[in-house]
Amino acid sequence: MSELSELKNIRDSFQQDLRDWFDIGHSLIATTLFGIDKIKEYTLSNPEASYSFNVPIGFENRKISVNINTLNLQEVAEIYYSHKGAITELIYGRFIQKWYDFLNQIIEQVTRYHITSVKNYSNLPKIELKLDLFNDNLLEEVPKLSWLKFDSYRGVDKTREIEKILSKKLEDNLSYEIKKSIIVRNLLEHRQGIIQDKDISGTGKKSIKLIDAFGEEKEFNSGDKVEITIYEIFRLKQVFYNAAKSLIPDDSFPFMGSDELEENKKITETVAIAANKTDDKREQLVKKTRTKSFDKYADIAPKSKEELKPILNKENSQIYAILTLLMKGSTLDEFENKGLNIGTGRKGSRTFFGKYLNDTWGYGIKRTVDPSDPTNINKYVFHLQFPEGVDQPIFVSKGKSKKKV
């Protein structure tokens, strides 16, 4: 059981928020892309068409509709193309705020456990609080007041303080990405995204690197306006997901936890490389790794029919849930949404699980790839692979004979 098990629910809720808000961003972007195509098509035959917003108001005991704004659809399209980044900037800022909320909840929770002697957190910061000693809910008031005080800390200082309190240290690449994201969010909020020298120096790098619309890392320098894409948001989602997992770990079964899936599931090889470049040595290691002829998603062949072993038929087990998804064919996101992991190429991952499945029960794993977008792992569909002459896994109830399900 994790030494920080009392914080697990906070972590899990935060990670679910990350998934939900990424899906919201995905949905909004998809809707606008479909919508702008329809607008362009419609205005070809209806160039004078417009869209209005009206508000109902009371007037002489009756309601009338008053127009508050009207835009020609051609104007709508022009404004869209000149402000395409508005949605991604909104979602990016929301991710940062969710991170702050997550850290605030941690400080409130550990303060509550500390003052009630549930657990000792000796590294809690000293905070001056004004208390009403006649308050009957004093034990609830102190954590809330500490939360309010902590909320005034600078973003980067919040992260460092939580690391100290929990006696955890984030990896350098996670710390850098978090610091960079806070700087980018602040310049979006206060300077319309225009970079100044102090922003770059704040990252400790020579430029600010963000993933562009082609999945490539792009350098932004002083005077440039940053551009936020769905790919950069995806990287930030992974960074926060894994930072939360590092601060509040658990002891989940090694090949079925969802953390490895989030840590390693990359949209492109470029994204994977970009997220890990922190120094020259690491960059050399990345270049060396890139040349290896190794497919982390390679199919794992099943054994012969005679070597198949029955699997315990227990519907609430993780192995049963994973096999169910593999039988129908599922994407990595579908596994993630169930809190499951078939991974992406290291221990605790798909390669390890596939080998485990093969060694233990004799089945294999295969994938299908979208030929129009073969490098996009989000479009990979993974299936359970059977030996010749078998089309269903063999399940067995406790102590009973084999049966096919």
Side-chain angles (χ1 to χ4, degrees), residues 18 21-22 25-26 29 84-100 154-156 158-160 170-244 246 262-291 344 375-378:
L18 293 177
W21 274 99
F22 186 80
H26 184 146
I29 292 169
K84 285 201 300 183
I87 293 175
T88 49
E89 290 173 12
L90 171 67
I91 301 298
Y92 191 85
R94 184 57 59 96
F95 269 42
I96 305 296
Q97 188 56 53
K98 286 294 180 183
W99 174 249
Y100 290 162
R154 291 173 60 249
V156 175
K158 282 175 184 274
T159 306
R160 292 194 190 116
L170 295 179
E171 293 182 2
D172 290 344
N173 67 307
L174 292 177
S175 295
Y176 164 72
E177 289 294 336
I178 291 171
K179 181 192 293 185
K180 182 191 75 175
S181 68
I182 292 171
I183 290 172
V184 169
R185 181 259 189 188
N186 289 341
L187 62 91
L188 283 168
E189 286 285 322
H190 305 297
R191 292 199 304 278
Q192 292 77 51
I194 304 299
I195 300 175
Q196 294 182 353
D197 290 338
K198 65 179 182 179
D199 301 317
I200 295 175
S201 62
T203 67
K205 304 289 183 178
K206 295 181 180 179
S207 64
I208 291 177
K209 294 181 179 180
L210 302 169
I211 302 173
D212 65 16
F214 302 99
E216 300 283 345
E217 257 200 346
K218 179 179 178 181
E219 290 192 8
F220 293 85
N221 298 295
S222 184
D224 292 340
K225 184 181 187 304
V226 295
E227 300 168 7
I228 305 299
T229 66
I230 192 68
Y231 307 114
E232 183 62 32
I233 292 174
F234 185 87
R235 171 159 69 179
L236 184 59
K237 168 178 170 272
Q238 292 185 201
V239 166
F240 282 153
Y241 189 103
N242 292 292
S246 296
E262 280 294 332
E263 181 181 2
N264 294 288
K265 189 179 70 173
K266 306 297 182 181
I267 291 178
T268 63
E269 183 189 39
T270 303
V271 176
I273 294 169
N276 291 292
K277 284 186 179 179
T278 55
D279 52 39
D280 290 340
K281 288 183 179 179
R282 181 168 290 185
E283 185 170 351
Q284 290 171 10
L285 177 61
V286 169
K287 289 179 178 178
K288 190 179 297 183
T289 304
R290 184 192 292 172
T291 62
T344 53
T375 63
N376 189 342
I377 69 171
N378 288 325

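Computed over heavy atoms, backbone and side chain alike; hydrogens, waters and symmetry mates excluded. Each residue takes its place number in the sequence, starting with 1.
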Quick check: closest heavy atoms across [X] and [Y], and the distance to 0.1 Å?
X	Y	result
Y92	R185	CE2-N, 4.1 Å
I230	T88	N-CG2, 4.0 Å
T229	D212	CG2-C, 3.6 Å
S175	L170	OG-CB, 3.5 Å
S207	I200	N-CG2, 3.6 Å

Atom pair [atom1]/[atom2] of [X] and [Y] - distance to nearest 0.5 Å:
X	Y	atom1	atom2	value
Q196	I183	CD	CD1	12.0 Å
K209	Y176	NZ	OH	7.0 Å
F95	W21	CZ	CH2	9.0 Å
I194	F220	CD1	CZ	11.0 Å
I228	L188	CD1	CG	5.5 Å
E216	E219	CD	CD	12.5 Å

Legend entry - NZ or CZ of K98 within 45° of F240 ring axis and under 6.0 Å: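 No cation-pi geometry.
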Legend entry - CA sep, side-chain torsions, deciding dist, call: E227, K218, side-chain contact (heavy atoms from CB on, under 4.5 Å): CA-CA 10 Å; E227 300 168 7; K218 179 179 178 181; 3.8 Å; yes
Legend entry - salt bridge (charged side-chain N to carboxylate O under 4.0 Å, His left out) partners of K225, counting only residues at least two apart: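 Residues passing salt bridge (charged side-chain N to carboxylate O under 4.0 Å, His left out) with K225: E89.
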Inset, instruction - Report yes or no: does D224 contribute a side-chain atom to a donor-acceptor pair with the main-chain N or O of V226 at less than 3.5 Å? - result: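 Pair absent, no side-chain N/O of D224 close to backbone of V226.
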Inset, instruction - Verify, without hydrogens or angle tests, whether D199 (side chain) and I195 (backbone) share a donor-acceptor contact under 3.5 angstrom. - result: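 Looks like no, no N/O pair under 3.5 Å.
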Inset, instruction - Answer yes or no: is there an ion pair linking E232 with K237, defined by an N-O contact shorter than 4.0 Å? - result: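 Result for this pair is no, no salt bridge flagged.
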Legend entry - CA sep, side-chain torsions, deciding dist, call: L210, E217, side-chain contact (heavy atoms from CB on, under 4.5 Å): CA-CA 5 Å; L210 302 169; E217 257 200 346; over 6 Å; no
Legend entry - Residue from I91, I96, L18 passing side chain to side chain contact (heavy atoms under 4.5 Å, CB included) with L236: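 Answer after filtering I91, I96, L18: I96.
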Inset, instruction - Could you please spell out the steps behind the side chain to side chain donor-acceptor pair (under 3.5 Å) verdict for S181 and W99? - result: CA-CA 11 Å; S181 68; W99 174 249; over 6 Å; no
